[in-house]
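Note: hydrogens, waters and symmetry copies are ignored here, and every other heavy atom, side chains too, is used.
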Amino acid sequence: MRWWHPADIGFALRSKAAAVGQATRLLLRLLAGLGYVIKRPGLLRDQIHFLGNYSLAIIGVSGLFVGFVLGLQGYYILQRYGSAEAVGMMVALTLLRELGPVVTALLFAGRAGTALTAEIGLMKAGEQLSAMEMMAVDPVERILAPRFWAGLIAMPLLAAVFSAIGIMGGWIVGVLLLGIDGGAFWGQMQSGVDVFKDLGNGVIKSVVFGITVTFVALLQGFVAKPTPEGVSRATTRTVVMASLSVLALDFMLTAMMFSI
C-alpha cells in the first residue's frame, strides 16, 4: 500500500518554495522601507519605546540573576586553580560573547516578538491592513517597516543592558559576597576583554538576532490566518521559529568569528 504520491511531494515542495519566496519578498520590502522610516522618525521612536518597554524589565532581572550564577560558578571553578581573581574576566567574556546576545534574543522573542505577531495578526483579522490598501497606503511600509527597524535597533541596546547588569551581578557576588579583591576583579576584566573582538562580536550577534527575531515575528503575523485560532498559532510559531533560528545562527556566527 502506498502512503504517498509523487504529486503530494511536488505540492509540498512547491508550497515551501512559495513560502520562502514570500518571506524573501517581504524582507526586501522591509529593508527598502528604510527611506520611509527615515522620513517618519516619530514612528521609529515610538516603536523603539514600545519594544524596549516590553522587554526591559525581564531583561534587567534576568541579566542580574545570570550574573549572580556566573559569579558563583566561576568562583568555585577558578578557585581550584588559584585563579579566583579572574572571575571578572570570565563573567565579562561569557556575557559579551555569548549569553548577552543569545539570552536577550530569546527573551526578546518571547516578550516583544509575540506582541508584534499578535498585533499584526489582529490587524489582519480586523481587516485594518486591507483597509489601508484600499486607501492606497502600503501596510508593509507604514506598519511593518517601522517595527522591523525598531527591533533591529532595540535588540543591541537590550543586549548591552543585559550584559552590563550581568557584570554588576557578577561583581556583587564575587567582590561583596565572596571577598574577591575589587581591583583584581576589574583589572582582570580590563586586561582580558578586547573591545573590538569580544565586544564587537557581541554587537554583531545582537544585530543579526534582532533582524531575525523581528522579521520572524512580523512575518508570522503578516501571514497568519485572520481568525483568533490563526493568530494564536502564529504567536506560538514565532517563539519556536525565532528561538531555533537564534540558536542556529549563534553556532554559525561563533564558528565564523573564531575561525577568522
Side-chain angles (χ1 to χ4, degrees), residues 52 54-113 154-210 212-213 239 242-260:
Y54 260 89
S55 306
L56 187 59
I58 189 172
I59 291 295
V61 174
S62 300
L64 184 64
F65 283 104
V66 168
F68 287 165
V69 172
L70 288 176
L72 281 173
Q73 293 283 9
Y75 177 79
Y76 292 126
I77 292 173
L78 295 174
Q79 189 183 34
R80 300 177 183 178
Y81 308 99
S83 304
E85 293 80 9
V87 168
M89 179 180 65
M90 191 212 72
V91 170
L93 288 176
T94 305
L95 286 170
L96 294 175
R97 284 182 177 182
E98 195 66 31
L99 288 185
V102 173
V103 177
T104 301
L106 296 177
L107 296 174
F108 187 78
R111 193 67 177 93
M155 176 65 203
L157 297 177
L158 292 172
V161 171
F162 184 95
S163 298
I165 295 178
I167 290 173
M168 291 305 301
W171 175 81
I172 291 173
V173 170
V175 176
L176 299 184
L177 298 183
L178 299 178
I180 298 174
D181 181 70
F185 182 92
W186 295 111
Q188 290 277 355
M189 184 187 305
Q190 183 178 6
S191 62
V193 176
D194 185 87
V195 175
F196 296 101
K197 185 177 180 181
D198 300 319
L199 185 60
N201 289 346
V203 172
I204 293 173
K205 282 186 176 182
S206 61
V207 171
V208 173
F209 296 160
T212 303
V213 172
V239 178
S243 300
L244 293 177
S245 299
V246 165
L247 295 175
L249 286 171
D250 178 55
F251 170 74
M252 290 186 288
L253 289 172
T254 302
M256 288 189 296
M257 288 172 179
F258 281 95
S259 64
I260 297 177

Taking C-beta and beyond as the side chain, do [X] and [Y] meet within less than 4.5 Å on heavy atoms?
X	Y	value
Leu178	Leu72	yes
Leu70	Val66	yes
Leu107	Arg111	no
Ile77	Met90	no
Trp171	Trp186	yes
Glu98	Thr254	yes
Met155	Thr104	yes

Restricting to non-hydrogen atoms, name the atom on [X] and the atom on [Y] that form the minimum distance, rounded to 0.1 Å.
X	Y	value
Phe162	Gly100	CD2-CA, 3.6 Å
Gly88	Phe185	CA-CE1, 3.4 Å
Ala84	Ile180	O-CD1, 3.5 Å
Leu158	Ile59	O-CG2, 3.5 Å
Ala92	Val193	CB-CG2, 3.8 Å
Leu96	Ser163	CD2-CB, 3.9 Å

Using 0.5 Å steps for rounding, measure from the [atom1] atom of [X] to the [atom2] atom of [Y].
X	Y	atom1	atom2	answer
Leu95	Leu199	CG	CG	12.0 Å
Leu244	Thr212	CG	OG1	12.5 Å
Asp198	Met89	CG	CE	10.0 Å
Phe209	Ile204	CZ	CD1	11.0 Å
Phe68	Met168	CZ	CE	10.0 Å
Ile167	Leu64	CD1	CG	12.5 Å

Strictly distance-based, threshold 3.5 Å: is any side-chain N or O of [X] a donor or acceptor partner for the main-chain N or O of [Y]?
X	Y	result
Ser191	Gln188	yes
Ser206	Val203	yes
Lys205	Arg97	yes

- Item | Listed partners of Asn201 passing side chain to side chain donor-acceptor pair (under 3.5 Å), at least two apart | none
- Inspect the surroundings of CD in Gln79 and state if more than 12 heavy atoms from other residues, nucleotides or ligands are less than 6.0 Å away.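 Yes - once you tally the heavy atoms of other residues, nucleotides and ligands closer than 6.0 Å, there are more than 12.
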